[in-house]
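Along the sequence shown, residues carry numbers from 1. FYI, side chains are in, hydrogens and waters are out, and symmetry mates aren't considered; it's all heavy atoms of this structure.
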Amino acid sequence: MLKQVFVRGVKRRFHLPKPFETWRNAPKEKAECVVIGAGIVGLAVARELSLKGKEVLVLDSAPTFGTAASSRNSEVIHAGIYYPSNSLKARFCVRGRKLLYHYCSQRGIPHNQIGKLIVATGTSEIPKLNQLFNRGIQNGVENLRMLDASEAIKMEPELHCVKALLSPASGILDSHSLMLSLVGEAETNGATFSYNTAVIGGHLEGNQMVLHVCETKTLTNWDGNTPLQPDLLLMPIIVVNSSGLSALTLAKRFHGLNTAIIPPAYYARGSYFILSNANSTRHPPFKHLIYPVPEEGGLGVHVTLDLDGQLKFGPDVEWIPHVPDTTNFLNKFDYSVSVDRVARFYPEIRKYYPNLKDGSLIPGYAGIRPKLHGPGQSACDFVIQGEDIHGVGGLVNLFGIKSPGLTSSMAIAEYVAALLLGG
């Protein structure tokens, strides 16, 4: 097993050596199942495969699990309203929500099914709200109900809207507690975790993907000029590329894999601001999740609560151009929240929360979303590629796993296990 070391980042772009000879001297080890990425989806996959009796090794370049998108999101359990019928997002969100509520209830993981109101703040938005209602019904979301303004405001007196869609199935959870539980169950079933361990590429030998692995320290200390050598060639029977922000970049470094099937990568930063009012936690202005109708690139600047009652607003959408490969592999994205962005939040929030006071928002945190579409393009479904797509036995690539990735995590794990093991 690779030695575990702490990560210090570099920002230079790097390239894997092309000649096979540069890999030949690296030691080789065999493995049964390797899951690349210890985010919430990777953890769910590792748990599922370990429950199926497989010997699982989870590799992540970070010092611990869940350091990227899995720890920088709204922690919302989505119902399954937004996504086109029969899409992977619709299917996995509805199935995953049920699995997640059951899992959290059985294991005492903090969560709360507080419900959501999607609000139309002008008459021009009502047709879109009706479309969401119909789509949710088609997707199998239970107990959806359209509310007129008076019904919605009776539920949430601080709310302004002309109509609202009530989703009682939506909720919130403690994502760290969930991930901790998934890690514990996977380890109990024999899974091994190797942190500070970067998968930097791979190559095909026959129909088997051989992974190029190095300590994160090796990648961090690379001088940018000499060929980057793997410390280890790992030969698994099963490989699940669940590396989130770096999944597409990594797949392009699997020599022998048809790169034409790998979608282009886009990245968007989403910032959150927190309501700073001293009484906001004890007496929050809202008790439900409040969402506007969706906007391009996201679901709009919405209201979420954490389990302590803290109110937060976000995320917005800020497209990020020219992401170097090392930024992906070492998660060296800029996660700072610019105070200047708050000026865009106030007018958006006041459409449904007109009593929001000036100066009451403070910077919270930011997350990065791995997208398969760019500005002005139609939203994409999850992309899950197995042998039937790329022809490589035992390899599954997970691309574009953003919202509702947390909600869908256990359903994705079921699907991946069935794809690899049958059943």
Side-chain angles (χ1 to χ4, degrees), residues 69 72-79 81-83 114-122 124-126 128-129 132 152-153 155-156 158-167 170-172 266-277 280-281 284-306 309-320 334-369 371 373 375-376 379 402-407:
R72 294 177 172 274
N73 56 66
S74 299
E75 296 189 301
V76 169
I77 302 175
H78 289 286
I81 298 167
Y82 298 100
Y83 320 108
I114 60 176
K116 175 196 293 186
L117 289 169
I118 306 173
V119 299
T121 57
S124 63
E125 295 177 336
I126 292 176
K128 178 65 174 178
L129 203 62
L132 290 174
I153 294 170
M155 294 177 63
E156 293 286 5
E158 292 287 342
L159 182 65
H160 166 75
C161 68
V162 296
K163 203 167 187 178
L165 173 57
L166 173 63
S167 168
S170 303
I172 55 176
Y266 302 90
Y267 301 90
R269 180 187 294 106
S271 296
Y272 293 82
F273 284 83
I274 295 171
L275 189 64
S276 63
N277 188 316
S280 64
T281 300
F286 299 107
K287 297 178 181 179
H288 300 78
L289 304 167
I290 309 294
Y291 279 56
V293 295
E295 63 176 20
E296 180 191 330
L299 301 181
V301 174
H302 48 261
V303 178
T304 60
L305 295 88
D306 64 23
Q310 178 68 67
L311 215 69
K312 53 192 175 184
F313 297 89
D316 60 352
V317 179
E318 181 185 3
W319 295 98
I320 305 172
D334 180 3
Y335 287 109
S336 62
V337 178
S338 172
V339 177
D340 296 338
R341 296 197 70 79
V342 76
R344 306 184 184 192
F345 276 64
Y346 281 103
E348 293 300 312
I349 296 168
R350 284 176 175 146
K351 291 177 183 179
Y352 55 80
Y353 180 24
N355 292 332
L356 179 66
K357 296 178 180 179
D358 286 337
S360 59
L361 298 180
I362 59 174
Y365 60 95
I368 308 296
R369 286 165 277 186
K371 292 179 174 287
H373 67 279
K402 49 177 287 298
S403 182
L406 187 156
T407 309

Worksheet item: Where do Tyr346 and Gly359 come nearest, in terms of heavy atoms and distance?
Response: OH-N, 3.0 Å
Fill in: Sub-4.5 Å side-chain heavy-atom contact between Ile172 and Ile77
no
Worksheet item: Between Asp316 and Arg341, is there a side-chain N and carboxylate O pair less than 4.0 Å apart?
Response: yes
Practice prompt. May I ask you to test the Lys287-Met155 pair for a side-chain heavy-atom distance under 4.5 Å?
Written response: no
Worksheet item: Looking only at heavy atoms, which two atoms of Val301 and Tyr352 are closest? And how far apart?
Response: O-OH, 2.8 Å
Worksheet entry | Heavy-atom pair with the smallest gap, counting every atom of Arg269 and Ala366 | CG-CB, 4.1 Å
Worksheet item: Is the distance between the ring centroids of Tyr353 and Phe286 less than 6.0 Å?
Response: yes
Discussion item. What's the separation between atom CG in Leu132 and atom CD in Glu125, rounded to the nearest 0.5 Å?
Written reply: 10.5 Å
Item to complete: May I ask you to test the Tyr272-Val337 pair for a side-chain heavy-atom distance under 4.5 Å?
Response: no
Discussion item. To the closest 0.5 Å, what do you measure between CD1 (Ile368) and CG (Asn73)?
Written reply: 12.5 Å
Response to the item:
From the list Ser74, Ser167, Ser170, side-chain contact (heavy atoms from CB on, under 4.5 Å) with Leu289 holds only for Ser170
Worksheet item: Does Lys402 reach the side chain of Lys371, with side-chain heavy atoms less than 4.5 Å apart?
Response: yes
Discussion item. Any heavy-atom pair between the side chains of Glu156 and Ile290 that's under 4.5 Å?
Written reply: yes
Worksheet entry | Criterion side-chain contact (heavy atoms from CB on, under 4.5 Å) on Leu275 and Leu356, from CA distance to verdict | CA-CA 9 Å; Leu275 189 64; Leu356 179 66; 3.9 Å; yes
Worksheet item: Does Arg72 make a cation-pi contact with Tyr335, if we ask for NZ or CZ under 6.0 Å from the ring centre and within 45° of the axis?
Response: yes
Discussion item. To the closest 0.5 Å, what do you measure between CG (Asn355) and CD (Glu158)?
Written reply: 5.0 Å
Worksheet item: Can you find a heavy atom in the side chain of Tyr267 that is under 4.5 Å from one in the side chain of Arg369?
Response: no
Worksheet item: Got a second to check how far Leu117's CG is from His302's NE2, nearest 0.5 Å?
Response: 13.5 Å
Item to complete: May I ask you to check whether over 12 heavy atoms, not counting those of Arg344, lie within 6.0 Å of atom CZ?
Response: no
Worksheet item: Is there a donor-acceptor pair under 3.5 Å between the side chain of Gln310 and the backbone N or O of Thr304?
Response: no
Worksheet item: What are the two closest heavy atoms between Ile81 and Ile118, and how far apart are they?
Response: CD1-CD1, 4.1 Å
Worksheet item: How far apart are the closest heavy atoms of Ile126 and Lys163, and which atoms are they?
Response: CG2-CD, 4.0 Å
Worksheet item: With a 4.5 Å heavy-atom cut-off, do Val119 and Val162 have their side chains touching?
Response: no
Item to complete: Look at the aromatic rings of Tyr266 and Trp319 and report parallel, tilted or perpendicular, splitting at 30° and 60°.
Response: perpendicular
Worksheet entry | Ring centres under 6.0 angstrom apart (Phe273, Phe313) | no
Worksheet item: Can you tell me how far CG of Leu166 sits from NZ of Lys116, rounded to the nearest 0.5 angstrom?
Response: 11.0 Å
Discussion item. Contact between Leu361 and Ile349 at the side-chain level, heavy atoms closer than 4.5 Å - yes or no?
Written reply: yes
Practice prompt. Taking all non-hydrogen atoms of both residues into account, name the closest pair between Ile320 and Ala268 and its distance.
Written response: CD1-C, 4.2 Å
